[in-house]
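All residue numbers in this chain count up from 1 along the given sequence.
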Amino acid sequence: MHPAVAMGLVFGGCCSNVVFLEMLARQFPGCGNIVTFAQFLFIAAEGFIFEADFGRKRPAIPIRYYTIMVTMFFTVSVVNNYALNLNIAMPLHMIFRSGSLIASMVLGVIILKRRYSTSKYLSIALVSVGIFICTFMSAKQVVSQANSSEEEGFSTLMWWLLGITFLTFALLMSARMGIFQETVYKEFGKHPREALFYNHCLPLPGFLFFAPDIYNHSVLFSQSEPLHVPVLGLKMPIMWFYLLMNVITQYICIRGVFILTTECTSLTVTLVVTLRKFVSLIFSILYFQNPFTAWHWIGSTFVLAGTLMYTEMWNMGVGLSTAKKEAKRD
């Protein structure tokens, strides 16, 4: 598949996924569990048919490694979605998750004893400052919007701080999972489609702990206003339609990233994913009219600039121009 098509899948799928997630979260802020469960179930079912061949294909990587990987992946997914229940606005949620570079670098230094160039440390400093600015300004908004008593305002702020703690924990856990995957892939080779299947299939029993919450939200979804689906000619509750579209776009997003990793360099993949996040952020602000001050824009710019600096885009440009000059000489 042409890389441009894969990029289209990433931008179209991932950006649409964020839109439908925000539509769900705005109506029912506590719907994270049912959203995560639906995504995992759909991707696991697809992988069971097309990757695992209905269970007949043996995994290339031993299950015990997937068990560890899955525990971390399941925790990250649930914690990230649950943070939306704790007064975390979607723009801040997206900006904060862009701090994965910081977490990866910190754990890389601590666990793998890696050393990075000065430009890498500078880029991480920019990302850190940007996230701090956005987080601080969001905290001020949470306090100012709590137009009730002082005690309730303090309670709202404490729940928001708990949400920030959840996002921080998920960042570190995700970075640790990346390091674990790296060591496993070095030993057994890369099997991304297999990993995608087991990462979504093995955690399914864990959703039994959230069964009451998932059932309650399924009832609430069924009671939402009906929506006429033009193509299918059917009527269905609008929240179920949003969930269905969220699941489908999540799959398109993941498949797009998978195709991109096979067709392009890791640098290109990082750049595309970063730009996709920024486009999603802008769309969320403009379309849903999320509160976003000038300081938020400054912080977002810092995060974007730091991420692009981390990918060393200028070096890639120099390399391309050098290669063109050498080609002309030949």
Side-chain angles (χ1 to χ4, degrees), residues 1-3 5-10 12-14 16-17 20-21 32-81 170 173-211 213-215 218 231-232 240 243-266 269 272-273:
M1 184 179 291
H2 196 277
V5 178
M7 291 180 188
L9 292 176
V10 171
C14 299
S16 300
N17 178 258
F20 287 110
L21 177 61
N33 290 327
I34 191 173
V35 172
T36 308
F37 173 68
Q39 292 174 350
F40 274 52
L41 182 63
F42 181 86
I43 296 174
E46 188 275 342
F48 181 73
I49 297 171
F50 297 104
E51 171 59 27
D53 192 20
F54 295 95
R56 291 191 291 264
K57 181 181 177 182
R58 293 177 60 86
I61 299 175
I63 291 295
R64 65 179 182 275
Y65 292 103
Y66 278 125
T67 303
I68 299 173
M69 205 180 300
V70 157
T71 301
M72 292 187 281
F73 182 71
F74 177 77
T75 304
V76 169
S77 298
V78 172
V79 170
N80 268 327
N81 282 334
M173 179 66 75
S174 180
R176 183 65 184 90
M177 181 179 68
I179 293 175
F180 180 77
Q181 286 177 330
E182 185 178 335
T183 57
V184 170
Y185 291 158
K186 281 183 180 179
E187 182 176 353
F188 298 100
K190 291 184 177 181
H191 305 276
R193 287 208 64 183
E194 178 184 287
L196 182 65
F197 165 63
Y198 283 104
N199 279 340
H200 288 82
C201 177
L202 295 181
L204 288 177
F207 285 100
L208 290 173
F209 294 104
F210 308 104
D213 180 72
I214 293 174
Y215 173 76
S218 66
V231 179
L232 302 177
W240 282 114
L243 180 61
L244 175 64
M245 295 306 297
N246 176 267
V247 169
I248 293 174
T249 52
Q250 173 76 358
Y251 176 74
I252 294 173
C253 174
I254 292 176
R255 289 288 293 144
V257 173
F258 164 71
I259 295 171
L260 206 60
T261 57
T262 60
E263 298 289 340
C264 305
T265 63
S266 58
V269 175
V272 171
V273 172

Compute the centroid of each ring, for Phe42 and then for Tyr251, and state whether the two points are separated by less than 6.0 Å. yes
Candidate pair Gln39 and Ile254, rule side-chain contact (heavy atoms from CB on, under 4.5 Å), full reasoning: CA-CA 11 Å; Gln39 292 174 350; Ile254 292 176; over 6 Å; no
To check you understand the geometry: which heavy-atom pair defines the closest contact between Val10 and Gly256, and what is its length? CG2-C, 3.5 Å
Test of understanding: with salt bridge (Lys or Arg N to Asp or Glu O under 4.0 Å), list the residues that count as partners of Arg56, not counting sequence neighbours. Asp53
For Cys201, enumerate each residue passing the side chain to side chain contact (heavy atoms under 4.5 Å, CB included) test, keeping only those at least two apart in sequence or located in another chain. Ala44, Phe197
Would you compute the distance between atom CD of Glu187 and atom CD of Glu182 and round it to the nearest 0.5 angstrom? 13.5 Å
Counterpart residues, salt bridge (Lys or Arg N to Asp or Glu O under 4.0 Å), relative to Glu194 (two or more places apart): none
When rounded to the nearest 0.5 angstrom, what is the spacing between CG in Leu21 and CE in Met245? 14.0 Å
Under 4.5 Å between any side-chain heavy atoms of Asn33 and Val78, yes or no? yes
Between CG of Leu243 and CD of Gln250, what distance do you get to the nearest 0.5 Å? 11.5 Å
Just jot down the salt bridge (Lys or Arg N to Asp or Glu O under 4.0 Å) partners of Arg193, sequence neighbours excluded, or say none. Glu46
Which pairs pass ring-ring contact (aromatic ring centres under 6.0 Å, His included) with one or both residues in residues 55-74, sequence neighbours excluded? Phe40-Phe73, Tyr65-Phe188, Tyr66-Tyr198, Phe73-His200, Phe74-Phe207
Summary of salt bridge (Lys or Arg N to Asp or Glu O under 4.0 Å) pairs that have at least one residue in residues 64-73, sequence neighbours excluded: none
Could you check Ile252, Val257, Thr249 and say which one makes a side-chain contact (heavy atoms from CB on, under 4.5 Å) with Leu9? Ile252
Less than 4.5 Å apart, side chain to side chain, heavy atoms only: is that true for Met177 and Asn199? no
Minimum heavy-atom separation for Cys253 to Gly13, with atom names? CB-C, 3.9 Å
Out of Val247, Ile248, Asn246, which one pairs with Leu244 under the side-chain contact (heavy atoms from CB on, under 4.5 Å) rule? Ile248
So CG of Leu41 and CD1 of Ile34: to nearest 0.5 Å the spacing works out to 11.0 Å
Interatomic spacing from CZ in Arg176 to CD1 in Ile68 - rounded to 0.5 Å: 9.0 Å
Measure the spacing between CG of Asn80 and OG1 of Thr75 and express it to the nearest 0.5 Å. 11.0 Å
Ala170 to Val79 - nearest heavy-atom pair and separation: CB-CG1, 4.0 Å
